Structure formats: C-alpha cells, structure tokens
Amino acid sequence: MPEWKTPTADAPLLLERIAAWAVLGGTALGAGAVLLDHVVPKWVGNAGAVWFVAAFLAGLAALSTVEGVKLGTLCLVAATVVYYALRLAIYPFFSVEDLVPVPAGWLVVGIITGVTAGWAGARARDRVAWWGAPAGVFLGEAIAVLGLRARASQFVVETLCGVACLWLARSSLRRGLVVALTTLPPVALFATYYRLVLWSGGPP
C-alpha cells in the first residue's frame, strides 16, 4: 500500500508543527518521569511501555512511515536528554562522569525504540492491527513483574492498557494479536533482565 501524503503546500509546515509537538511531548515525558517520582509510583515514569506509547503516538500523527520514524525518535531523544539533565540538576551527588555512560546507553535504546515505535505508529494510521505493538509492550512488561507483590499495581495497569490497545485493533484483531505476540517475548525478556540485572541495586 502506498504511503499517505498530504497533497498541499502546507504539508511541510504541518510536519514542523507535529515535530515540535513530538519534542514537547518527549520533554514532558522526561520531566514527568523525574518530577513525579514522589507523586505516583516510580514505575509509571520508568515503564518502557509509557515511553514506547509516546513515540508511537508521535508516529501516529505523521504523514508517512519515514516521518513517523523521525518523529518517534525525536520524541524519545528529547525525553532521554531531559530526564538525565534533570536528574543531574536535582541530585547533585551524581557527577557527570558517573552519569554519562548510563544516559549514553539509554539514548541508544531510546533511538532504537523511537524508530520502532514511530514506524509502528505511522503504520497504525491506516492499519489498526499495529495497535498490537503497544499492546505487546504493555503485556510483556506486565509478565515481567508477574507475582511481585510490590509491583501488583503495575501488573494490573499494564495488563489493562494492553487489552485497551487490542480493543483499538478490534477491527483487525487477528493481525493485531499476531503483532502483539511478536512484540511481547523480547519485551518480557528485556524487562526481566533489566529488573534482575541492570537494576540490581534498586527495587525489584
């Protein structure tokens, strides 16, 4: 199927506005993940599915899959930069030398996720089955915390969000389930690895 385009002279201006909103949304995501730590459960801002959905929605607003990739990446790069900049500003006991390797790694993850989620979001614009992608991410993270009493709220909320995404794919549910089941295993594995290995000094 050919990519959609807006056949008007206003298309470049529209893309600039969407890009600005993508960066703004990423900035809000990164700031919120830090500033709301003591207001909502910490997992809310740190859940990979939340970041994935932000890039997915940026891609959903795009005029083509190529633009979706760019917008999703812009969103998560902005979110990552703001997140760690605020961490450094608010928690001065962190040094730049201590922090640089960590955000550099997560910036790479953010770019990969932004590309993937932005592309999927752009595809979901005319193929609702691609709502299975965020569904798989939500459900994969839910599985990774299954059985942890301290993460019971995360399991419930992410499971419900995953089901809601599948509901949005209901007109092409079979294909949506295929996308979700393809996305779910690598997300569950990475989320479990992150919890048990990378986050060994923090909460489970």
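As the structure is a prediction and not an experimental result, all values here were calculated from the model.
In this structure, L160 is a member of the same hydrophobic cluster as V145, with clusters built from ILVMFWY side-chain heavy atoms closer than 4.5 Å. In the hydrophobic clustering of this structure, L60 groups with F52; members are Ile, Leu, Val, Met, Phe, Trp, Tyr whose side-chain heavy atoms approach within less than 4.5 Å, directly or through other members. Under the 4.5 Å side-chain heavy-atom criterion for Ile, Leu, Val, Met, Phe, Trp and Tyr, L166 and L168 are members of distinct hydrophobic clusters. The cluster map of Ile, Leu, Val, Met, Phe, Trp and Tyr, joined by side-chain heavy atoms under 4.5 Å apart, puts V53 and W106 in different clusters.
Residue A122 comes nearest to S64 through the heavy atom pair CB-O, 3.7 Å, listed as atom of the first residue, atom of the second, then distance. Here the closest non-hydrogen pair linking R125 and A61 is NH1-O, 3.5 Å. Here the closest heavy-atom approach between residue A133 and residue V179 is recorded as N-CG1, 3.4 Å. Of all non-hydrogen atoms in C75 and A58, the two that sit nearest each other are CB-CB, 4.3 Å. Listed here is the closest heavy atom pair of A135 and A180: CB-CB, 4.3 Å. Here the shortest heavy-atom pairing between V187 and V137 reads CG1-O, 3.6 Å.
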(message) Using side-chain contact (heavy atoms from CB on, under 4.5 Å), reason through W51 and Y83 one step at a time and then give a plain yes or no.
(response) CA-CA 12 Å; W51 292 59; Y83 179 88; 4.2 Å; yes
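Formation of a donor-acceptor pair under 3.5 Å by the R123 side chain with backbone atoms of T65 is not found in this model. Between the side chain of E141 and the backbone N or O of A188, no donor-acceptor pair lies under 3.5 Å.
Note that OG1 of T192 is 10.0 Å distant from CG of L146, once rounded to the nearest 0.5 Å. Once rounded to the nearest 0.5 Å, the distance linking CG of L71 with CD of E67 reads 7.0 Å.
Evaluation of the side-chain hydrogen bond (donor to acceptor under 3.5 Å, both in side chains) rule for S153 yields W43 as partners, not counting sequence neighbours. Annotation: side chain to side chain contact (heavy atoms under 4.5 Å, CB included) contacts of T73 (sequence neighbours excluded): V69, V77, I111, V115. Residues forming a side chain to side chain contact (heavy atoms under 4.5 Å, CB included) with V44 (at least two apart in sequence, or on another chain): V40, P41. Residues passing the side chain to side chain contact (heavy atoms under 4.5 Å, CB included) test with V108 are I112, sequence neighbours excluded.
Here side chain to side chain donor-acceptor pair (under 3.5 Å) pairs that include residues 169-190, with residues two or more places apart or in two chains, number zero. Within the structure, every pair that satisfies the ring pair (Phe, Tyr, Trp, His ring centres under 6.0 Å) test and touches residues 130-158, not counting sequence neighbours, is listed here: F56-W131, W119-W130.
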